[in-house]
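The structure appears below as structure tokens.
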Amino acid sequence: MPSKKYDLVIANGRVIDPALGFGKEAHVFVKDGKIAKIEKESASITREMKSLSDEQFIDATGKLVVPGLIDIHVHLREPGREDEETVESGCRAAASGGFTSLCCMPNTTPCIDNQETVKFVQDRAKNADARVYVIGAITKGRLGVELSEIGDLVNMGAVGITDDGTYLQDAQVMRHALEYAKMFDIPVMQHAEDSQLCDGAIMNESYESTRLGLRGAPPVAEEIAVQRDISLCRLTGGRLHIQHISTRAGVDAVRRAKAEGINVTCEVTPHHLILTDDEIGKAFNTNLRVNPPIRSEADREAVVEGLIDGTIDCIASDHAPHSEEEKDCEFDKAPPGMIGLETSLGLIKTYIIDKGYLSWADAIAKMTVNPARILGLPGGTMAIDSPADIVIINPDKKWTVRADKFRSLSKNSPYIGWKLNARVEKTILGGRIVYEV
Ligand code: NCD
């Protein structure tokens, strides 16, 4: 028996690969888990089809075929809170959201500040439905005092470092982190909220927080944190990545730093692009409690502007699972965080692409090639010989977000009941279909 030429053919879709500058109807051919070729002529399809079974041939007419999405800000909760999420369940959720690669945060119990824990997470991810890249903790125990063994973490495969969940408040420790990380060419990823200014904060500091009598985190807490770290980045020549940016002043600071040539990048979440703090008083939905908090309309507009003009490099979900028991309480008692892997793409289509802020190609770039570049990850493109990580999207499929459909073990989404305008049809990881509707 002659071996078949291709393992999978995705025909007739609109192929969008921003890394290749490609955006037209074409056929994608997969062999041995890798992209073998992308071709436009339909003659080749008829030829190849003869040797393929039904499972090996996907007709993607009317669909988008794009590189597997990459989410560089995900909390997988393992080890420690396997009731909320595991590496396996988080990767299943990722696959249904169109993500084939994700970076997991180190605020687990124990925290990922040593080689053993990096290895533990990597082992758990071996047969998972997405590729998992580990972000190590900047400081031991994420306590902000003593640097982790950064070289050890990198040698074990960590692709970045962060104390996410907490701002690294000590400027001297942050300076050293940037210097060490520079030696290994990895970014220091910062949760940029000055801890003292945000002490006890429940929501954004604004008219709304005053009206509701809830303690607020002032936007200036982000501005100060971002500006300090940009100054340290300039001083050290290291690489700084600002996580979940949420304010006008924060975006302005990054814009100025980039113009100056400083090595800074940043991400935004769908919730900071879409939600505003006046939602909180309507029903006190605890799934709206998140750090940094959802802000005022003026800040929301500013992050959208930053996304459009390229100040903001990428979109990341900050998928933060919390149990129902913990979220089923008064607003100010609830832990911060919302899940996001399964709603990101639909939200971006509905509230960013359909509103004319970004084209499909620009939005896909912020969820593929840009995050891949920031962390030096493979993938994010369908270039020949890259892993066959592919998402097929129905760009106009309307669907309603339902808690019982989430594959995440946690259901803490403020979007339950929302109607979204695009849906993942199939997710392919290394040539293997890991999700289909
Ligand atoms: C994160 C979590 O739950 O781990 N929550 C969140 O609101 N983003 C940690 C954090 O960044 O506070």
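Just so you know, ligand 1 is whichever comes first in the structure, and atom 1 is the first atom listed for that ligand.
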In E85, E342, R77, the residue satisfying side-chain hydrogen bond (donor to acceptor under 3.5 Å, both in side chains) with H319 is E85
Below 4.0 angstrom, N of the basic side chain to O of the carboxylate: do R300 and E297 qualify? yes
Give every pair formed by an N or O atom of ligand 1 and a protein N or O atom closer than 3.5 Å, one pair per line with both atom names and the distance to 0.1 Å, or write none.
{"unit_1": "ligand 1", "atom_1": "3 (O)", "unit_2": "R77", "atom_2": "NH2", "d": "2.7"}
{"unit_1": "ligand 1", "atom_1": "3 (O)", "unit_2": "H322", "atom_2": "NE2", "d": "2.9"}
{"unit_1": "ligand 1", "atom_1": "3 (O)", "unit_2": "P336", "atom_2": "O", "d": "3.2"}
{"unit_1": "ligand 1", "atom_1": "4 (O)", "unit_2": "H75", "atom_2": "ND1", "d": "3.3"}
{"unit_1": "ligand 1", "atom_1": "4 (O)", "unit_2": "R77", "atom_2": "NH1", "d": "2.9"}
{"unit_1": "ligand 1", "atom_1": "4 (O)", "unit_2": "R77", "atom_2": "NH2", "d": "3.3"}
{"unit_1": "ligand 1", "atom_1": "4 (O)", "unit_2": "N107", "atom_2": "ND2", "d": "2.9"}
{"unit_1": "ligand 1", "atom_1": "5 (N)", "unit_2": "P336", "atom_2": "O", "d": "3.1"}
{"unit_1": "ligand 1", "atom_1": "7 (O)", "unit_2": "N291", "atom_2": "N", "d": "2.9"}
{"unit_1": "ligand 1", "atom_1": "7 (O)", "unit_2": "P336", "atom_2": "O", "d": "3.3"}
{"unit_1": "ligand 1", "atom_1": "7 (O)", "unit_2": "G337", "atom_2": "N", "d": "3.2"}
{"unit_1": "ligand 1", "atom_1": "8 (N)", "unit_2": "N291", "atom_2": "O", "d": "3.0"}
{"unit_1": "ligand 1", "atom_1": "8 (N)", "unit_2": "D318", "atom_2": "OD2", "d": "2.8"}
{"unit_1": "ligand 1", "atom_1": "11 (O)", "unit_2": "H191", "atom_2": "ND1", "d": "3.3"}

Exercise. Kindly indicate whether a cation-pi arrangement holds for K355 with Y351, taking the cut-offs as under 6.0 Å to the six-membered ring centre and within 45° of the axis.
Key: no
Correct closest heavy-atom pair for I72 and H241 would be CD1-NE2, 3.7 Å
Separation between NZ (K398) and NZ (K419), nearest 0.5 Å, reads 11.0 Å
Separation between CG (L375) and CZ (R239), nearest 0.5 Å, reads 7.0 Å
